[in-house]
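Have a look at the structure below, then the notes.
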Protein chains: 2
Amino acid sequence: MAARKKPSPEAVTAWARLVRVETALLAAVERDLKAAGFPPLAWYDALLELSRAPDGTLRPLDLEKAMLLPQYSTSRLVDRLEQAGLVARAPCPDDGRGQLVAITPAGRALQRRMWDTYAAAIERHVGVKLPQDDLTKLGELLGRLL
Amino acid sequence: MAARKKPSPEAVTAWARLVRVETALLAAVERDLKAAGFPPLAWYDALLELSRAPDGTLRPLDLEKAMLLPQYSTSRLVDRLEQAGLVARAPCPDDGRGQLVAITPAGRALQRRMWDTYAAAIERHVGVKLPQDDLTKLGELLGRLL
DNA sequence: CGGGCATTGATGCAGCTGCATCGACCGGCT
DNA sequence: AGCCGGTCGATGCAGCTGCATCAATGCCCG
């Protein structure tokens, strides 16, 4: 029903490496976090998004879009964060359907502590492998894939 | 206990985009496969590895290393493929602990049919977004991250 | 040869994800 | 106001993943 154009070998190679490298590096970073006794990266990402938002508060829908997660996944992630005392849910005054998710002081503290380990992992697994202008170029090329 | 060097902003950007772009593109490709009525990409990868191996046969351990999967994950993936009649297990003559996983004709056929859809997805989501020399450069940069 | 340790692959259990669906609420239209 | 299609978020269920562990076999070394 659609075009069925064939990709160039270069496109296939780039794609294959993208998936492979991301899988390997993500696993390595997650391992470092876990080894330091921290929760998964998704928790960090959520806390970071919230910590950057005004009042440390976001609607679940915004969190969802920021993290590229499906709706139900966000819902349950917030469940777990709330369970852990890292965020608090409140009803949304503007919209009776919605709610507001606010990061707690404990959440901010965890996010900050995780960053030390996370930053070190990024440096170890990414930073040391390429010189700075290659990193810039890589970021730029990746940016154009979205 | 360890170095704690801080990554450059360029490294952080490259890392963030790597994860983001891979997540988004992988989801898009998986969606295309599912929309065409095919099983997940992991099945394709496994079938491809097997189809390339001599006699279409690999030890689970080799498959594991080729696909960067944990051992138990491979074990269960092979379960599902076997269930679907796409591979067959046989005891390994050289090593009583091991086994041999062989792709069946049905497995080869599915791998070939999936490639049409998969290739179109790669072209749509990757190939059209960058000119060929940028794709080459991207592949090269990613290659140096491993 | 025999004991001890490493390797291969399977599996019970708990937690997570995807899917479908649901209930609650919004907003526009008549 | 009353209805209706659309949006927001939760949830039951099935399937998948990670973790720990196990049984079976291989391999080395005394």
Side-chain angles (χ1 to χ4, degrees), chain A residues 22-24 26-35 37-46 49-50 57-84 86-102, chain B residues 22-24 26-35 37-46 49-50 57-84 86-102:
Chain A
E22 198 268 355
T23 302
L26 187 59
V29 169
E30 291 271 20
R31 223 178 307 119
D32 287 358
L33 281 175
K34 181 168 306 190
F38 287 124
L41 198 46
W43 289 36
Y44 178 84
D45 287 338
E49 292 296 337
L50 289 169
T57 295
L58 284 177
R59 298 278 303 261
L61 189 67
D62 298 322
L63 198 53
E64 197 178 310
K65 281 181 291 201
M67 296 182 69
L68 304 181
L69 284 178
Q71 178 270 320
Y72 50 83
S73 193
T74 308
S75 175
R76 293 199 254 233
L77 176 56
V78 172
D79 280 352
R80 280 171 250 138
L81 293 172
E82 185 181 39
Q83 203 69 25
L86 303 170
V87 306
R89 281 194 237 238
C92 180
D94 302 343
D95 186 338
R97 295 166 299 181
Q99 52 185 220
L100 294 174
V101 180
Chain B
E22 198 268 353
T23 301
L26 187 59
V29 169
E30 292 272 20
R31 225 179 304 120
D32 289 358
L33 282 175
K34 180 166 307 188
F38 287 124
L41 198 48
W43 288 37
Y44 176 84
D45 286 339
E49 291 295 336
L50 288 169
T57 297
L58 283 176
R59 299 277 303 260
L61 190 67
D62 298 322
L63 197 54
E64 195 180 310
K65 280 181 292 201
M67 298 183 66
L68 303 181
L69 286 179
Q71 178 270 321
Y72 51 82
S73 193
T74 308
S75 174
R76 293 198 253 230
L77 176 57
V78 172
D79 280 351
R80 280 170 250 139
L81 294 173
E82 186 182 38
Q83 204 70 24
L86 303 170
V87 306
R89 281 193 235 237
C92 181
D94 302 344
D95 186 338
R97 293 166 301 180
Q99 53 186 222
L100 294 174
V101 179

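Sequence lines set the chain letters: A, B, ... in the order given, protein chains first and strands last, and positions in each chain run from 1. Atoms considered below: every heavy atom in the structure, side chains included; atoms not considered: hydrogens, waters and symmetry mates.
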Do the non-hydrogen side-chain atoms of Val101(A) and Pro60(A) ever get within less than 4.5 Å of each other? yes
Residue-phosphate contact under 4.0 Å: Ser75(A) side-chain N/O, dG9(D) OP1/OP2: no
Nucleotide dT8(C), atom P - distance to CZ of Arg97(B) in whole Å: 6 Å
Derivation and outcome, side-chain contact (heavy atoms from CB on, under 4.5 Å), residues Arg59(A) and Asp95(A): CA-CA 10 Å; Arg59(A) 298 278 303 261; Asp95(A) 186 338; 3.7 Å; yes
Looking at dT7(C), I'd like to know if its phosphate oxygens (OP1 or OP2) sit under 4.0 Å from a side-chain N or O belonging to Gln71(B). no
Round to the nearest Å and state the distance from Leu69(A) atom CG to dC19(C) atom C1'. 16 Å
Over all strands shown, is Arg76(A) touching base, sugar-phosphate only, or nothing at heavy-atom distances under 4.0 angstrom? base
Calculate the interatomic distance between Leu26(A) atom CG and dG18(D) atom P; express it in whole Å. 11 Å
Using a 4.0 Å heavy-atom cut-off across all strands, classify Arg80(B) as base, sugar-phosphate, or nothing. sugar-phosphate
Between Asp62(A) (CG) and dG9(D) (C1'), how many Å, whole number? 13 Å
Calculate the interatomic distance between Leu77(A) atom CG and dA10(D) atom C1'; express it in whole Å. 14 Å
dC19(C) C1' sits how many Å from Glu30(B) CD, rounded? 15 Å
Using atom CE of Met67(B) as one end and atom P of dC16(D) as the other, report the distance to the nearest whole Å. 14 Å
Between dT21(C) atom P and Tyr72(A) atom OH, what is the distance in whole Å? 14 Å
Leu63(B) side, atom CG; Leu77(B) side, atom CG - distance, nearest 0.5 Å: 7.0 Å
Go through dC25(C), dT11(D), dG18(D) for me and flag the one nearest to the Asp95(A) side chain. dC25(C)
Which one, dT11(D), dC19(D), dT11(C), comes nearest to the side chain of Lys34(A)? dC19(D)
Atom of Pro93(A), atom of Leu100(A) and distance for their closest heavy-atom approach: CD-CD1, 3.8 Å
Among dG9(D), dA10(C), dG18(C), find the nucleotide with the atom closest to the side chain of Pro70(A). dG18(C)
Got a donor-acceptor contact below 3.5 angstrom from the Glu30(A) side chain to the Pro40(A) backbone? no
